[in-house]
Structure formats: C-alpha cells, structure tokens
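Since the structure comes first, as structure tokens, the remarks are kept for the end.
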Protein chains: 2
Amino acid sequence: MLYNCPVETTLKMIGGKYKALILWHLIDSTLRFGELRKFIPQATPKMLTQQLRELEEDNLICRTVYPVVPPKVEYSLTELGMSIHPILSAMYGWGSDYLKNNGMEINCSMHLE
Amino acid sequence: MLYNCPVETTLKMIGGKYKALILWHLIDSTLRFGELRKFIPQATPKMLTQQLRELEEDNLICRTVYPVVPPKVEYSLTELGMSIHPILSAMYGWGSDYLKNNGMEINCSMHLE
DNA sequence: CAGTATCCCAAATGATACTG
DNA sequence: CAGTATCATTTGGGATACTG
C-alpha cells in the first residue's frame, strides 16, 4: 500500500468509526469486551469486534484471551498504541475548546489526565 | 448533535476522506480549486467540492470568490483552521515514524516545516 | 475555471438472531 | 461472556457529462 502523506497513514489507523474512542478508553485501563460495549453503546458487537480486530492487526492494541469459562478477553494498548496518546490528547484538547467556544456541552464519561 | 467525546468532535471535522490532506496543503499557501485538484488528483471534482464545502461550513477554511471571468476562487485556512496545525503535525510525525519503522517509503509531495 | 448534475456501484453499517 | 452469521439498508464514492 502506498500512502500519499503520513497524515493519511495516521488517519487510516485511528480514523475508523470507533477507533479513536476505543484507544482513548484503553489509555489508562485494560478493558474487557463487555466493558468496552458499555462505554461505547452505540457500537454494535459486530462493529466493535471489527474495529478491535483492525486495531489489533495494526498492532495498536493487544488481545488477551483467558482460557476460562465463561470466556474472558482483555484488551490493552501496545507500546505503539501508547505512542498515539499525544495525538489523542491534542485532539481531545482541540475538540474540548471547540465545543466550549460553541456553547456545546461535553457529554463524555471520560477522565482527562 | 451530541458528541460522546471531544476526540470524536475533532475526528468528525478533519476525518473526512480528503480533509486532512486539504488542510495540510493549505497550511502554508492559499490555493485555487484547480491547484488543489493537482495536489490531490485522486479526488474527483465532486468529492473535492464536497469536502471543501464541509470544511467551509465548519469554519476551518475560507472560500474567496473573485468576480472575474474566467472564475477565480481561492481557499485558505481560517484562524480555526490554523489552530489544527499542531494536530496535523503530530499526525504527520507519528505517521512518518511508523512508515520508516516499517520500511515503507514516503511518497509525499509535501514540504515539512 | 470552478464547479453541478446524474447515474450507478461498492463498501460500510445496522438489526437481529444465534453459539461455543 | 464474547463473540459470529446473516440479511437488509444506507452511505460513500467513482465515472461521466454538462454549464455559467
């Protein structure tokens, strides 16, 4: 695959419908599939699975399966995934400012750090 | 519209197919429609127009029409558009590193600054 | 030059039901 | 619990031709 611009490379990896959101949620915690679903209820299981698989393929997240019943699967950031943090933070900061300046309430169940 | 997270707000505004690329090209120059087409040949006129209109609606770029024949239209960044620069730069940097570490050549007709 | 207008196709996403 | 499978639908996007 040939990219015109590195900006596009980055966008391809974190620009999926729920990818930035998933990464953001994983920044400070390892989460199970069901927990991610609760954080991102608008994503159907199919979509969530698909996005997670793509993130995993791109080596941004790590999927750990515990061989127990009932199944337990945990998702966490890889080192590469953690290296995205500054970008996500910058996006969070810019987005917050934008919403504030436009009198929109932020409805984010998320912790800044 | 209600956003779950400011990260999504930002992504909605710069995540369109050619948006980041358009913004990136406009960072250091005002460009005409035809010039943007040359820089982004993969975008059909329809798509380019659509993306430009959305960027304009979001107040990221400014469209200036000169009442001459033949028509002359120039696009430039607004202040808000310029404020995206750090994010784009961060994305450019991360993407470059990623491509380098994976032995991929960068084929970007673009100037870093 | 800077777009619009149409038509059409492919990909993305949603809804729902099911399973090891 | 953590997904898959299937079907239906919507959306995105390309090709092409046309215009003030």
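Throughout, a chain's letter reflects where its sequence line sits, starting with A, and its residues are numbered from 1. Because the structure is a prediction, the values reported are computed rather than measured.
Rounded to whole Å, the distance from CG on A:L31 to P on D:dC1 is 15 Å. To the nearest angstrom, C1' of D:dA2 lies 17 Å from CZ of A:F39. Going from atom CD of A:E35 over to atom P of D:dC1 covers 11 Å, rounded to whole Å. Atom pair A:F33:CZ and D:dA2:P shows a separation of 8 Å (rounding to whole Å applied). Per the geometry, CG belonging to B:L36 stands 10 Å off P belonging to C:dG3, to the nearest Å. At whole-Å resolution of the value, CG in A:L48 and C1' in D:dC1 are 13 Å apart. Atom CD of B:E54 and atom C1' of D:dT11 are 12 Å apart (whole Å). Across the protein-nucleic acid pair, A:Q50 atom CD and D:dG3 atom C1' stand 14 Å apart, rounded to whole Å.
Legend: salt bridge (Lys or Arg N to Asp or Glu O under 4.0 Å) pairs involving residues 56-70 of chain B, not counting sequence neighbours, sorted by first then second residue: B:R53-B:E56.
Across the helix from C:dC1-D:dG20 to C:dG20-D:dC1, the helix axis at one end is tilted relative to the axis at the other end by 60° (nearest 10 degrees, each axis from five pairs).
A sub-4.0 Å separation between OP1 or OP2 of D:dT4 and a side-chain N or O of A:R53 is present. Put simply, B:R32 has no side-chain N or O that comes within less than 4.0 Å of OP1 or OP2 on C:dC1.
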Give the C-alpha distance, both sets of side-chain angles, the deciding distance and a yes or no for side-chain contact (heavy atoms from CB on, under 4.5 Å) between B:L52 and B:Y18. CA-CA 9 Å; B:L52 287 168; B:Y18 304 113; over 6 Å; no
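At a threshold of 4.0 angstrom between heavy atoms, the contacts of B:Y75 are confined to the sugar-phosphate backbone, with no base atom among them. Among the heavy atoms of the strands, none lies under 4.0 Å from B:R37.
For A:T78 (side chain) and A:N59 (main-chain N/O), a donor-acceptor pair under 3.5 Å exists by modelled atom type. Within the 3.5 Å criterion, the main-chain N or O of A:L80 finds a donor-acceptor partner in the side chain of A:S83.
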Contact string for nucleotides 14-20 of chain C, one letter per nucleotide 5' to 3', B = base within protein heavy-atom range under 4.0 Å, S = sugar-phosphate only, - = neither, reads BB----B
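The shortest non-hydrogen separation linking B:R32 to B:P71 is NH2-O, 3.4 Å.
A 4.5 Å side-chain heavy-atom check between A:I22 and A:F39 finds every atom pair outside the cut-off. Looking at B:Y98 and A:T10, their side chains never come closer than 4.5 Å, going by heavy atoms from C-beta outward. The closest side-chain heavy-atom distance from B:L55 to B:I14 is not below 4.5 Å.
The NE2 atom of A:H25 lies 10.5 Å from the CG atom of A:L23; values are rounded to the nearest 0.5 Å.
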